[in-house]
Student: 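Dropping the structure in here first, questions after.
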Amino acid sequence: MPVTPDDVRRVAQLASLELDPDDETRLVQKVQQVVEYVDRLQAVDTAGIEPLAHPYAGSSTPMRPDTARQGLPVDEVLANAPDRFGPFFRVPRMIEEGQDD
Amino acid sequence: MSTPVTAGTAVERPYEIVVGLEVHVELTTESKIFCSCPTRFGAEPNSQVCPVCLGLPGTLPVLNRRALEQAVRAALALNCRIQPVAKFDRKNYHYPDLVKGYQISQYDLPVGYEGWLEVGDPANPRRIRIRRVHLEEDTGKSLHDQAPGASVVDYNRSGIPLLEIVSEPDIRSAEEARDYLMHLRQVMLYTGVSDARMEEGSLRVDCNVSVRPRGSDVFGTITEIKNLNSFRSVVRAIEYEAQRQWEVLSAGGTLRRETRHWDERREVTVALRRKEEAHDYRYFPDPDLLPVPLPADWVEEIRASLPELPGARRRRYVLDLDLSVRDADTLVGDPGLAGYFEDLLAAGAEARAAASWVLTQVLAWLNAQGAGIDAFPVPPARLARLLRLVDEGTISMTAAKDVFEEMVRTGAEPDAVVEARGLRQISDQAALLEIVDRVLAANPQPVADYRAGRQQALGFLVGQVMKETRGRANPQLVNDLLRQRLSSDG
Amino acid sequence: MTDRPLTELGVVETAEAVRRGRLRAEEVTRAHLDRIAAVDGRIRAFLHVTGEAALARAREIDEAVRRGADPGPLAGVPVAVKDNICTRGVPTTAASRMLQGFVPPYDATVIERLNAAGAIIIGKTNLDEFAMGSSTEHSAFQVTANPWDESRVPGGSSGGSAAAVAAGEAPAALGTDTGGSIRLPAAFCGVTGLKPTYGRVSRYGAIAFASSLDQIGPFARDARDTARLLAVLAGYDQRDSTSAQEPTADYEGALTGDVRGLKIGLPAEYFGEGVDSRVAQAVREAVAVLKDAGAQVVEVSLPYTSYTLPVYHLVATAEASSNLARYDGVRYGHRTSRRVTSHGDLIARSRGEGFGPEVKLRIILGTFALSAGYYDQYYGKAQQVRRLIKDDFERVLAQVDLLATPTAPTVAFPIGERADDPMAMYMADICTTGANLAGLPALSIPCGFLDGLPVGLQLIGRPFDEATLLRAADAYQRLTDHHLRRPALAAAGAAGGGA
């Protein structure tokens, strides 16, 4: 299927990825190339084939007992933070979404 | 816009309210759903996080067995069918309080589905269908009043197990929504899966509201109301929103499917600024977790371990024990109190008297002390004995209240208090007659008043007899004797 | 103990000598640090060298030996670690600007296991950003050179690890393999590289690219050293829900040199279109060596082979788009320094600045494949064909013990040749992605040289049967000497000195 600049913009927005105009032009063309390539799958008859999400889909997820253990000291939690405020991570003020919390 | 109508006028409305509720409850586990961090409420910011619930690169989730068990427990208590094999999916979106850019949730194979919860009068209940019950992880918490000009994030809540309970749009009034929430909360408390405290955020509600002309069976445009932090605001918000929608429609306008925010202070709903793009969560199976089989024998074990549920209990109280719906609701609404009541019954107390004592004397004491039933000093068997003394006529109700107070204060046995204070009721007719006659002789004016037709004079005379006996006279007998004397000696 | 330079010693040789007190871990470590200092300016395999910490750790090992303790099966063995595997207190960047300066507060499970076995982490190696690539040219920081020809790529994405082992900078290294990222660079650099069965080695601490495909695995110079490393790495980890509870095998004990009766399948589809005929020929000759040693060789067919690459790209990018969503500039990693007015802009801009072009391309593709209206057509379809591909392998591996194919369709290509052409770059993986999609173990060993560049033989086995792969590889290496050849660079560098 053909890929348009609008498609790439829409998807970039879903992915929270800001693209500069150069990025966008380059990506439209490359995405188009790859999509054309993967489109060959459409020729495979998959009627009634169960999707495989995992190499060992027959198995079941292991579980852990409900016992609590102290996590990281707060300084280690914040050690990699680009911006912090006291014991918190700081981000620009959430205006409209602030109400949405 | 006009003031929203109040609840009382609901019947006269030309429209019907249609509500579906999405409720999130935090499960009471020791540790988080996918890591071992503690879940204690109110800890110092970012003090209960680890690489996993912080979403650090390279970390992986491992499911907490207890969280899964709690989810099954709640789903069973909500009469759901249980998925033979559940799975976890990723719900993708970006928000600063969401550590991985996706939330681990359940999409097409939730733990429970097709359940129901009964609301209203147990003699004639309404069944609200439950579409699904699924398990997911909570997000961190954004705070907007900590740092000047910025928001800050605390991830202690990130990864706390959450149950999302989605009802069908079967709710038809704001009161019914409250009723549903109250019942749902009780189920959580009875099954022990959540402490369901709205004020601490361990129970959160989103309302999907629409209206339609009375008699119509077509669904209208839905708005979703968020930021509801009490049952009261749920009621007010639904009332307000329904009226608003009806006014828009009545004026020939059209509604948008949108999310609205409940402004607690102004008591209005406000549309949130709409995003350019509709949400597209791109759910897909989480490859970090494998399928989650819920074997039938394990599910049945959990079902067998469920306590009597609040719905069944309410039905029994009203239909079998003949309590009022109001009393039944109050008792059922407080599992501790209800447990105490059940113990009284087991100790042989009569149901209505027991309910009355629990809901007046016991509750008054607890309220005055600000204590829970666990702190109540009188064991149920001892209180049951006091009730028996009243029931048998050994002591009067008035005396019983005095005895109760002493029991609470000193922990004494009721019989000992009755003996020590000489409170045994005087039911000896001859002895009482003597006193009655003395009182009549000493109070000629009230006697004359009574005979002149002033009934209230009798009360004064009864009071005098009680005073003479220091409250020990059997009041019914005193009444009878006084009437007898006053009519015969005319 | 030997007159060979310490940087020429293998894993088993080094560990046994250190354990017996015949060699000090400190001198081994110092020899490798010297070697890195001498050649890495040209090879650029390392993003971070842990020099002092490695020496301190080596002295601990030596002290343990002096006390009479056994430091473990990797005693004193320097190991280079791909920089998408988390190391506590040591920068871990995934070769991305997004994670520049990120220092994990925890160790990956494989790092804990290496440490417990007496290994010495000597540094972190270069890769394609977030392991997305086949040449290591997509690193945000540097381009690694192939030690056999510095104008050529080392393969990718674990190019730094493969090059480090080939160049004598470390006797062993860790890589990750999502679609061939261990095997391809092993082939291009002429070393042995193993991608274990999915679930054999814990992924905890490996920065996720595509969770249902990723596996950590070892590089070394021969099958025996690889077996020693696998024995340390393999096993169930309760921190990884996808790690397998299958028992591990005695991998070194399996190296009997005997391949009599072993059934080897040659899938026709791996020797045809797109594969350099000289490479195909070298692989057939290698298989003939095993046949002469008593193995049976049969032609087999994997009809869905031509769909492996498209399925791989849909599955891997879809999972990656979600796995890389956590890089938002809030808790760690790159945050834009430009002014933003909302957290939405903060996230989108930080991601736009932090990710390189190939990563962006894959995030876009993966997001697209999962998006409403396209899910069934792309992601869903890929998952269905993935089952057909797995069924293909299962059917064939019921008839043969292992499959032999080229690892890569060509030898190492020149730096820059494919860097801006994604489809050409992706073709380097046509022989490797099948094992990831089916979750099978696969390894690559050198089986010859073309124009002075190594050719890789890939062996693919049954689930959890790494032992058979290693036995065949070891048997081959007993009969041949391709794995003993060292690049001229290595021969020139005399660092290390005999002990």
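Naming convention: chains lettered A, B, ... in sequence-line order (proteins, then strands); numbering from 1 in each chain.
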Student: With only heavy atoms counted, which part of C:Ala325 is less than 4.5 Å from chain A, the side chain, the backbone, both or neither?
Tutor: neither
Student: Between C:Ser371 and A:Leu14, is the side-chain contact (heavy atoms from CB on, under 4.5 Å) condition met? List the steps.
Tutor: CA-CA 9 Å; C:Ser371 67; A:Leu14 274 180; 4.0 Å; yes
Student: Chain C heavy atoms under 4.5 Å from A:Arg84: which part of the residue, side chain, backbone, both or neither?
Tutor: neither
Student: Could you tell me whether the side chain of A:Gln42 and the main chain of C:Gln377 form a donor-acceptor pair under 3.5 Å?
Tutor: yes
Student: Pick from C:Val311, C:Asp328, C:Leu324, C:Val330: which one has the most heavy-atom pairs with chain A under 4.5 Å?
Tutor: C:Val330
Student: What part of C:Ala382 lies closer than 4.5 angstrom to a heavy atom of chain A: side chain, backbone, both or neither?
Tutor: both
Student: Sort by residue number and list every residue of residues 62-79 of chain A having at least one heavy atom under 4.5 Å from chain C.
Tutor: A:Pro62, A:Leu72, A:Glu76
Student: Tell me if a side-chain donor or acceptor on A:Asn80 pairs with a main-chain N or O of C:Val103 at a distance below 3.5 Å.
Tutor: yes
Student: Who wins among C:Ile364, C:Thr336, C:Thr197 for the most heavy-atom pairs under 4.5 Å with chain A?
Tutor: C:Ile364
Student: Tell me, side chain or backbone of C:Asp420 under 4.5 Å from chain A's heavy atoms, or both, or neither?
Tutor: both
Student: Of the non-hydrogen atoms in C:Lys381 and A:Val44, which two are nearest, and what is the gap between them?
Tutor: NZ-O, 2.8 Å
Student: Heavy-atom cut-off 4.5 Å, strictly under: side chain, backbone, both or neither for C:Leu361 against chain A?
Tutor: both
Student: Between C:Ser241 and chain A, with a heavy-atom cut-off of 4.5 Å, which part of the residue counts as in contact: side chain, backbone, both or neither?
Tutor: both
Student: Using side chain to side chain contact (heavy atoms under 4.5 Å, CB included) as the criterion, list what pairs up with C:Asp376, not counting sequence neighbours.
Tutor: none
Student: Could you tell me which portion of C:Leu309 (side chain, backbone, both or neither) has an atom closer than 4.5 angstrom to a non-hydrogen atom of chain A?
Tutor: both
Student: Considering only heavy atoms, which portion of C:Phe393 lies under 4.5 Å from any heavy atom of chain A: side chain, backbone, both, or neither?
Tutor: neither
Student: Which bit of A:Asp22 is near chain C, if near means a heavy-atom gap under 4.5 Å: side chain, backbone, both or neither?
Tutor: neither
Student: Any chance you could measure A:Asp23, atom CG, to C:Lys360, atom NZ, to the nearest 0.5 Å?
Tutor: 3.5 Å
Student: Are A:Pro55 and C:Arg386 close enough that some pair of their side-chain heavy atoms sits under 4.5 Å apart?
Tutor: yes
Student: Where on C:Tyr426 is there a heavy atom nearer than 4.5 Å to chain A: the side chain, the backbone, both, or neither?
Tutor: side chain
Student: Does any heavy atom of chain A fall under 4.5 Å from the side chain of C:Tyr304, the backbone, both, or neither of them?
Tutor: side chain
Student: For the interface with chain A, which of C:Ile363, C:Asn436, C:Val385 has the highest count of heavy-atom pairs at distances below 4.5 Å?
Tutor: C:Val385
Student: Please find the pair of heavy atoms, one from C:Tyr198 and one from A:His54, that lie closest to each other, and give the distance.
Tutor: CE2-CE1, 3.2 Å
Student: Identify which of C:Ala438, C:Pro422, C:Gly333 forms the greatest number of heavy-atom pairs closer than 4.5 Å to chain A.
Tutor: C:Pro422
Student: Which residue pairs satisfy the ring-ring contact (aromatic ring centres under 6.0 Å, His included) criterion with at least one member in residues 353-373 of chain C, sequence neighbours excluded?
Tutor: C:Phe130-C:Phe355, C:Phe368-C:Tyr374, C:Phe368-C:Tyr378
Student: With chain C as the partner chain, list the residues of residues 28-41 of chain A whose heavy atoms fall under 4.5 Å from it, by residue number, and write 'none' if nothing qualifies.
Tutor: A:Lys30, A:Val31, A:Gln33, A:Val34, A:Val35, A:Tyr37, A:Val38, A:Asp39, A:Arg40, A:Leu41
Student: Side chain, backbone, both or neither: which part of A:Leu17 has a heavy atom under 4.5 Å from chain C?
Tutor: both
Student: Which atoms of C:Leu346 come close to chain A, meaning under 4.5 Å heavy atom to heavy atom: side chain ones, backbone ones, both, or neither?
Tutor: side chain
Student: Have a look at A:Thr46 and tell me which of C:Gln384, C:Gln383, C:Arg387 forms a side chain to side chain contact (heavy atoms under 4.5 Å, CB included) with it.
Tutor: C:Gln384
